[in-house]
Peer 1: 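Quick one: the structure is below, questions incoming.
Along the sequence shown, the residues carry numbers beginning at 1.
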Amino acid sequence: MAKFFMNYFSFFFFLYRLVFKLSKNPKAFHRTASNIHANEGKLYHKYPSFAHRANLSKDQTLLLFNVEDALLKSPSLFPYFMLVAFEAGGLLRAFILILSYPLLRLVGEDMGLKIMVFVCFFGVKTKSFRVGSAALPKFFLEDVAVETLEVLKKGGKKVGFSNVPRVMIESFLRDYLDIDFVVGREVKVFRGYFLGVMEDEKQSNAALETIIGSQGLGICDVIGISGFKGSLQYHLSSHCKEIYLVRKADKRSWQRIRRDEYLKPLIFHDGRLAFMPTPLATLAMFMWLPFGITLSIIRAISGILLPYRLSIPILAYTGFQLSFSPNPSLQSSNTRKTRGRLYVCNHKTLLDPLYLSFSLQKDLTAVTYSLSRVSELLAPIKTVRLARDRDQDSKMMEKMLNEGDLVVCPEGTTCREPYLLRFSPLFAEMSDDIVPVAMDSHVSMFYGTTAGGLKCLDPLFFIMNPRPSYNVRVLDGVYGLSSFLGGGERSRFDVANHVQSEIGKALGFGCTRLTRREKYLILAGNEGI
């Protein structure tokens, strides 16, 4: 079996190199602005000259731009379709797409796009398709060029057009870049399922012309930004006063925007893949999967069945990294008390309480808001499910604290990005011995959390990563409600906000007032119940 895979991947690399050489036909891309100069009185310019324009009026400018050619730095659309194939269609569909990559290199750009759309969308349910709003925006944002973003800030009304399906780009453009109109290809639907075939390109051209006609009235400047081919595809020359053409050489010198340069912060996103699935990276993932599954089983058995003194070295030997920063002041005052200590953590994955237990090397009880039955059965520490009822939950936590140390994640749900969600203030009423714990985790291949997938697989995906890591930092203790100055109903919120602020400072994360409900409405279209 191993010999078969080695022969297959050797043949794949040989075919990839052959196709790459054959497909590099520079004639199709060597058109310059001089070739289409001054056609019908229109002004064509090289794109870099647009950055120096300072005389644009936001009220009198309509800016049209091509998403693939003028906004994204990456020259290939394959990674975005691989995301759709993997997240919406599963592992088998993603494997079919990577197998078809040599064919995509042989055929033309238009035919390659049609093949990718068919493989990724055929048979996918329209109601359950949320990749365009939940998973793709993160990867699109990371590929946006600084130069184009600065240009978009200058314009008034903005119209983004693309040759890819509209369901892939609309949420990203509207929600994170404030684009007024989005024009893309529509994928045909039959009885609630995508057919994997796009509508005729003339329909998207007609939609673009309609928008220009309705928005262009009373506007002095209609400016288009596109690649050399894109400007001809959408007939911008018949509507635009000026057209700026982007060359491949221009894109190579572009810089991708940093997180702090996003027009709107990206707080929530979903999907399993934690890397940009380029062809080579995707191939590496499929080669890793057999080893990753075997390794995850070894890690799971070690963590569940073996004592801490044995499981921690074994996990470290298999590539798992656990960094622990204890608090000496808490250790020195660790006298025997009648009640347990309450550890309050931010929530990165379902394994937070487990790795706090590993770090402290003592048994803890974890209270959870939503944990699958499978995870409860396999958990090596005691777990207690909360009912989201204040009176009932407070009695349960009171009982657990009388039995020993307790760990709670008051956000109620995980957050992948460097932000903290609102902390539920219930924990502030439970104890005067509250210890904030700052948790952070890093993965390179698979995310160990999901909003729309199977939660029982979350721990498996996390420990399937080649070198997953956890950072646990114990902070100074804080007083609970009964010892908090001021007292009253409002103080429990003050305690919760103070703990959130301390954890945020320790991690360098932003503190928000967003809740579990808002996360699931954005990512899964439900309230997370």
Peer 1: Using only atom types and a distance under 3.5 Å, with no angle test, would you say the side chain of E147 pairs donor to acceptor with the backbone of Q255?
Peer 2: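 Checked: pair present.
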
Peer 1: Using a cut-off of 6.0 Å, state whether more than 12 heavy atoms not belonging to M276 lie near its atom CE.
Peer 2: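 Counting neighbours around CE of M276, more than 12 heavy atoms of other residues, nucleotides or ligands fall under 6.0 Å, so yes.
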
Peer 1: So, does K158 use its side chain to make a donor-acceptor pair with the main chain of G156 at under 3.5 Å?
Peer 2: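 Pair found, side chain donor or acceptor close to backbone of G156.
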
Peer 1: Do the side chain of K348 and the main chain of R416 share a donor and acceptor less than 3.5 angstrom apart?
Peer 2: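 Present.
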
Peer 1: Mind checking whether P410 and V344 have side chains closer than 4.5 Å, heavy atoms only?
Peer 2: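 The answer is yes; the side chains approach within 4.5 Å.
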
Peer 1: Is a side-chain donor or acceptor of E87 paired with a backbone partner of V131 at a separation under 3.5 angstrom?
Peer 2: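 No; zero donor-acceptor contacts below 3.5 Å.
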
Peer 1: Go through the steps for Y80 and F140 under the test ring pair (Phe, Tyr, Trp, His ring centres under 6.0 Å), then give the verdict.
Peer 2: CA-CA 8 Å; Y80 303 109; F140 278 131; 4.4 Å; yes

Peer 1: Quick check: does any side chain N or O of N465 sit under 3.5 Å from a backbone N or O of R467, one acting as donor and the other as acceptor?
Peer 2: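 Looks like no, no N/O pair under 3.5 Å.
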
Peer 1: How far does NZ of K399 sit from CG of L401, to the nearest 0.5 angstrom?
Peer 2: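 Reported to 0.5 Å precision, the distance equals 12.5 Å.
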
Peer 1: Give a yes or no on this: more than 12 heavy atoms of other residues, nucleotides or ligands lie within 6.0 Å of atom CZ of R473.
Peer 2: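 12 or below, so no.
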
Peer 1: Go through it in stages, so that I can follow the logic: the residues are R299 and T318, the test is side-chain hydrogen bond (donor to acceptor under 3.5 Å, both in side chains), and I'd like the CA-CA distance, side-chain angles, deciding distance and then a yes or no.
Peer 2: CA-CA 7 Å; R299 288 169 173 171; T318 60; 3.3 Å; yes

Peer 1: For the residue pair F358 and I381, establish whether any side-chain heavy-atom pair is separated by less than 4.5 Å.
Peer 2: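 Contact flag for F358/I381 side chains = no.
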
Peer 1: Distance-only, no hydrogens or angles: does the K157 side chain make a donor-acceptor pair with backbone N or O of L64 under 3.5 Å?
Peer 2: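 No; zero donor-acceptor contacts below 3.5 Å.
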
Peer 1: If you apply the rule salt bridge (Lys or Arg N to Asp or Glu O under 4.0 Å), what do you find for D433 with R341, and how did you get there?
Peer 2: CA-CA 6 Å; D433 188 10; R341 175 170 283 170; 3.1 Å; yes

Peer 1: So how far is it from E502 CD to L475 CG, rounded to the nearest 0.5 Å?
Peer 2: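 One finds 7.0 Å between CD of E502 and CG of L475.
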
Peer 1: Do T512 side-chain atoms and L420 backbone N/O form a donor-acceptor pair below 3.5 Å?
Peer 2: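 Judged by distance alone, yes, a pair lies under 3.5 Å.
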
Peer 1: Rounded at 0.5 Å granularity, tell me how far OG in S133 sits from CZ in F268.
Peer 2: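 CZ of F268 is found 13.5 Å from OG of S133.
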
Peer 1: Check for a donor-acceptor pair, side chain of W288 on one end and backbone N or O of M464 on the other, with a separation under 3.5 Å.
Peer 2: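 Yes, the answer is positive, given that a donor and an acceptor are paired below the 3.5 Å cut-off.
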
Peer 1: Search all heavy atoms of G132 against all heavy atoms of S171 and return the closest pair with its distance.
Peer 2: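 The pair with the smallest heavy-atom distance is O-CB, 3.6 Å.
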
Peer 1: Given side chains that start at C-beta, do those of V495 and P425 come closer than 4.5 Å, heavy atoms only?
Peer 2: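 They are not in contact (no side-chain heavy atoms under 4.5 Å apart), so the answer is no.
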
Peer 1: Within the structure provided, determine whether L406 and L364 are in side-chain contact (heavy-atom separation under 4.5 Å).
Peer 2: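 Answer no - side chains too far apart.
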
Peer 1: What closest approach, in Å, do D352 and N346 show between heavy atoms, and which atom pair accounts for it?
Peer 2: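 Shortest heavy-atom separation between D352 and N346 comes out as OD2-O, 3.4 Å.
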
Peer 1: Show, in sequence, the C-alpha distance, side-chain angles and deciding distance for D405 and K362, and conclude whether the salt bridge (Lys or Arg N to Asp or Glu O under 4.0 Å) test is met.
Peer 2: CA-CA 9 Å; D405 291 345; K362 65 178 181 179; 2.7 Å; yes

Peer 1: Would you say CZ of R259 has more than 12 non-hydrogen atoms from neighbouring residues, nucleotides or ligands within 6.0 angstrom?
Peer 2: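 More than 12 heavy atoms, drawn from other residues, nucleotides or ligands, come within 6.0 Å of this atom.
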
Peer 1: Rounded at 0.5 Å granularity, tell me how far CD1 in I463 sits from OG in S302.
Peer 2: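 If I round to the nearest 0.5 Å, the distance is 9.5 Å.
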
Peer 1: Minimum heavy-atom separation for R93 to G89, with atom names?
Peer 2: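 Result for this residue pair: NE-CA, 3.3 Å.
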
Peer 1: Output, in order, the C-alpha distance, side-chain angles, deciding distance and verdict of side chain to side chain contact (heavy atoms under 4.5 Å, CB included) for T414 and K519.
Peer 2: CA-CA 9 Å; T414 57; K519 169 189 169 179; 3.2 Å; yes

Peer 1: Pick one: which of D180, V159, V151, I179 meets side chain to side chain contact (heavy atoms under 4.5 Å, CB included) with L63?
Peer 2: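 One option only clears the test, and that one is V151.
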
Peer 1: Applying side chain to side chain contact (heavy atoms under 4.5 Å, CB included) to V435 and V474, what does each step give before you reach the verdict?
Peer 2: CA-CA 7 Å; V435 179; V474 180; 3.5 Å; yes

Peer 1: Run the ring pair (Phe, Tyr, Trp, His ring centres under 6.0 Å) check on F423 and H347 step by step: do they pass?
Peer 2: CA-CA 10 Å; F423 276 30; H347 206 2; over 10 Å; no

Peer 1: Side-chain contact test, heavy atoms from C-beta onward, threshold under 4.5 Å: evaluate it for T349 versus F461 and give yes or no.
Peer 2: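 Contact flag for T349/F461 side chains = no.
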
Peer 1: Quick check: are there more than 12 heavy atoms from other residues, nucleotides or ligands sitting under 6.0 Å from CZ of R513?
Peer 2: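 For R513, atom CZ is crowded (more than 12 foreign heavy atoms under 6.0 Å).
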
Peer 1: Which heavy-atom pair separates Y520 from T450 by the least distance, and what is that distance?
Peer 2: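 So the two residues come closest at OH-O, 4.1 Å.
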
Peer 1: Taking only residues two or more places apart in sequence or in another chain, which ones pass salt bridge (Lys or Arg N to Asp or Glu O under 4.0 Å) with R166?
Peer 2: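 Partners of R166 by the salt bridge (Lys or Arg N to Asp or Glu O under 4.0 Å) criterion, ordered by chain and then number, come out as E170, E186.
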
Peer 1: So, do L315 and L322 sit near enough that their side-chain heavy atoms are less than 4.5 Å apart?
Peer 2: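 Heavy-atom side-chain distance check fails, nothing below 4.5 Å.
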
Peer 1: Measure from the side-chain N and O atoms of T126 to the backbone N and O of G192, and report whether any donor-acceptor pair falls under 3.5 Å.
Peer 2: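 Yes, because the side chain of T126 sits within donor-acceptor range (under 3.5 Å) of the backbone of G192.
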
Peer 1: Do I267 and C415 have side chains that get closer than 4.5 Å, going by heavy atoms?
Peer 2: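 Yes, at least one pair of side-chain atoms sits under 4.5 Å.
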
Peer 1: Could you give the distance from CG (L71) to CZ (F65), rounded to the nearest 0.5 Å?
Peer 2: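 Interatomic distance, L71 CG to F65 CZ, rounded to 0.5 Å: 5.5 Å.
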
Peer 1: Roughly how far, to the nearest 0.5 Å, is the CG atom of L173 from the CZ atom of F161?
Peer 2: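 So the gap between those two atoms works out to 11.5 Å.
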
Peer 1: More than 12 non-hydrogen atoms from neighbouring residues, nucleotides or ligands closer than 6.0 Å to NZ on K395, yes or no?
Peer 2: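 12 or below, so no.
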
Peer 1: Grab the two heavy atoms, one from M400 and one from T365, that are nearest each other, plus how far apart they are.
Peer 2: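 Minimum heavy-atom contact is SD-CG2, 3.9 Å.
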
Peer 1: Do L523 and R130 come close enough that some side-chain heavy atom pair is under 4.5 Å?
Peer 2: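 Answer no - side chains too far apart.
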
Peer 1: Cation-pi check, R272 to F86: give yes when NZ or CZ is under 6.0 Å from the six-membered ring centre and within 45° of the ring axis, no otherwise.
Peer 2: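 No, R272 does not lie over the aromatic ring of F86.
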
Peer 1: I'd like to know whether Y419 forms a ring pair (Phe, Tyr, Trp, His ring centres under 6.0 Å) with F509, so could you lay out the CA-CA distance, the side-chain angles of the two residues, the decisive distance to 0.1 Å, and finally the verdict.
Peer 2: CA-CA 5 Å; Y419 296 95; F509 287 5; 8.0 Å; no

Peer 1: Let's go through L77 and E68 carefully: what are the C-alpha distance in whole Å and the side-chain angles of both, what is the deciding distance for side chain to side chain contact (heavy atoms under 4.5 Å, CB included) to 0.1 Å, and is it a yes or a no?
Peer 2: CA-CA 8 Å; L77 293 173; E68 305 95 279; 3.7 Å; yes

Peer 1: Do you know which two heavy atoms are closest between S444 and F275, and how far apart they sit?
Peer 2: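 The pair with the smallest heavy-atom distance is O-CB, 3.8 Å.
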
Peer 1: When you check the side-chain N and O atoms of S441 and Y355, is any donor under 3.5 Å from an acceptor?
Peer 2: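 The answer is no; no qualifying pair exists.
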
Peer 1: Taking the basic N atoms (NZ, or NE/NH1/NH2) and the acidic carboxylate oxygens, is any pair closer than 4.0 Å for E429 and R390?
Peer 2: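 Looking at E429 and R390, the cut-off is met.
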
Peer 1: Are F129 and F194 an aromatic pair by the rule of ring centers under 6.0 Å?
Peer 2: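 Aromatic pair counts; centres sit under 6.0 Å.
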
Peer 1: Answer with yes or no after comparing the ring centroid distance for Y479 and H498 against a 6.0 Å cut-off, counting only values under it.
Peer 2: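 That pair fails the under 6.0 Å test.
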
Peer 1: Could you tell me whether D143 and K73 make a salt bridge, using a distance below 4.0 angstrom between a side-chain N and a carboxylate O?
Peer 2: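 Salt bridge: no.
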
Peer 1: Counting distance only, does the side-chain N/O of E398 pair as donor-acceptor with the main-chain N or O of S431 below 3.5 Å?
Peer 2: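 Not a single qualifying donor-acceptor pair exists.
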
Peer 1: Tell me, with the steps shown, if F462 and Y470 meet ring pair (Phe, Tyr, Trp, His ring centres under 6.0 Å).
Peer 2: CA-CA 11 Å; F462 182 81; Y470 242 96; 5.6 Å; yes

